Amino acid sequence: MALAETIGSGLARGVCRHFLQLGFMPVTEFVPVSGLRVDVIGLGAKGEVWIVECKSGRADFMTDHKWENYLPWCDRYFWAVGSDFPLEILPDGHGVIIADGYGAEISRMPDEQPLNAARRKALT
């Protein structure tokens with residue numbers, strides 16, 4: 001397994017643990033529609049849907065452009081990164097979660113962009 005995959009899976013594990021503490025049910029490697037696979041998706045008690053894309057480092061972020069396709073599938077979108085990640089390269093308007101293999105903390109909460117009702121029904 002490549003180092004980036006190991007770091008990414010550790011970030012996802014920490015995000016899942018944090019989501020459970022927040023009352024969200026997390027699922028990893030979720031496919032909302034053919035051709036898309038999100039790292040972590042969380043479903044809240046009130047039906048809210050959060051998506052998290054885990055990035056192991058600058059190179060991982062710079063080479064991945066599919067994340068914009070995830071935005072129509074959630075109410076809030078987050079980046080999960082390690083504590084040494086260069087936060088200034090992340091786009092504004094999205095959430096930031098600082099994570100490791102043991103836990104996570106929301107550093108920046110994104111504005112809510114309500115999910116289309118039909119899409120929410122299809123996801124849940």
Side-chain angles (χ1 to χ4, degrees):
M1 184 180 304
L3 179 60
E5 289 177 34
T6 303
I7 293 170
S9 63
L11 295 173
R13 186 172 51 253
V15 167
C16 288
R17 289 177 175 177
H18 187 63
F19 271 16
L20 288 169
Q21 291 174 345
L22 294 175
F24 278 72
M25 179 53 63
V27 177
T28 59
E29 305 291 325
F30 183 77
V31 178
V33 66
S34 181
L36 293 182
R37 182 200 46 80
V38 301
D39 293 332
V40 181
I41 191 168
L43 179 63
K46 297 178 182 175
E48 57 268 58
V49 178
W50 293 1
I51 287 179
V52 181
E53 180 72 6
C54 299
K55 291 297 165 200
S56 61
R58 179 184 292 270
D60 184 19
F61 174 77
M62 300 303 282
T63 59
D64 182 3
H65 304 287
K66 65 186 179 306
W67 63 269
E68 292 183 50
N69 296 320
Y70 303 150
L71 299 177
W73 293 93
C74 61
D75 296 303
R76 295 184 196 266
Y77 183 83
F78 296 85
W79 299 100
V81 297
S83 60
D84 59 346
F85 190 92
L87 298 178
E88 65 277 1
I89 69 172
L90 296 174
D92 292 333
H94 303 128
V96 175
I97 298 175
I98 306 299
D100 61 23
Y102 301 99
E105 182 177 323
I106 296 174
S107 173
R108 180 174 72 203
M109 180 67 80
D111 291 336
E112 186 175 25
Q113 301 295 323
L115 185 59
N116 172 292
R119 196 161 276 179
R120 183 182 314 281
K121 183 176 179 182
L123 283 172
T124 60

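Remember, it's a predicted structure, so these values are computed and weren't measured experimentally.
- For the atom pair Tyr70 OH and Asp39 CG, the distance stands at 6.5 Å (nearest 0.5 Å).
- Under the 4.5 Å side-chain contact rule for hydrophobic residues, Val33 and Leu115 share a cluster.
- Surrounding CE of Met25 are at most 12 heavy atoms belonging to other residues, nucleotides or ligands under 6.0 Å away.
- Looking only at side-chain heavy atoms (C-beta outward), Leu22 and Ile106 come within less than 4.5 Å of each other.
- Among residue pairs with one or both ends in residues 94-116, none qualify as side-chain hydrogen bond (donor to acceptor under 3.5 Å, both in side chains); sequence neighbours excluded.
- Residues Phe30 and Leu123 form a side-chain contact, since some pair of their non-hydrogen atoms from C-beta on lies under 4.5 Å apart.
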- request: Would you please test Trp73 and Val49 for side chain to side chain contact (heavy atoms under 4.5 Å, CB included) and show each step?
  value: CA-CA 8 Å; Trp73 293 93; Val49 178; over 6 Å; no
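- Remark: Glu29 engages Arg37 in a salt bridge (Lys or Arg N to Asp or Glu O under 4.0 Å) (not counting sequence neighbours).
- Asp60 approaches Cys54 most closely through the heavy-atom pair OD2-O, 3.8 Å.
- Linking Ile, Leu, Val, Met, Phe, Trp and Tyr residues whenever their side-chain heavy atoms come within less than 4.5 Å leaves Leu36 and Val52 in two separate clusters.
- In this structure, the salt bridge (Lys or Arg N to Asp or Glu O under 4.0 Å) partners of Asp64, at least two apart in sequence or on a different chain, are Lys55, Lys66.
- Minimum heavy-atom separation, Arg17 to Gly101: NH1-O, 3.2 Å.
- By the 4.5 Å heavy-atom criterion applied to side chains, Val27 and Ile41 are counted as neighbours.
- By the criterion of side-chain heavy atoms lying less than 4.5 angstrom apart, applied directly or through intervening Ile, Leu, Val, Met, Phe, Trp or Tyr residues, Leu20 is not grouped with Leu43; the two fall into different hydrophobic clusters.
- Counting only residues at least two apart or on different chains, the side-chain hydrogen bond (donor to acceptor under 3.5 Å, both in side chains) pairs with a member in residues 74-90 are Asp75-Arg120.
- What you find for Leu11 and Gly82 is that their closest heavy atoms are CD2-N, 3.8 Å.
- Cluster annotation: Leu71 is connected to Phe61 through the hydrophobic network of ILVMFWY side chains, with a link wherever side-chain heavy atoms come within less than 4.5 Å.
- Note on residues 103-124: no pairs pass ring pair (Phe, Tyr, Trp, His ring centres under 6.0 Å), not counting sequence neighbours.
- Applying the ring pair (Phe, Tyr, Trp, His ring centres under 6.0 Å) definition to pairs two or more places apart or across chains, those involving residues 34-53 are Phe19-Trp50, Phe24-Trp50, Trp50-Phe78.
- The line from CG of Leu90 to CZ of Arg58 is 10.0 Å long, rounded to the nearest 0.5 Å.
- Evaluation of the side-chain hydrogen bond (donor to acceptor under 3.5 Å, both in side chains) test over residues 18-27, restricted to residues two or more places apart or in two chains, returns none.
- Among all heavy-atom pairs drawn from Leu87 and Ile98, the shortest one is CD2-CD1, 4.2 Å.
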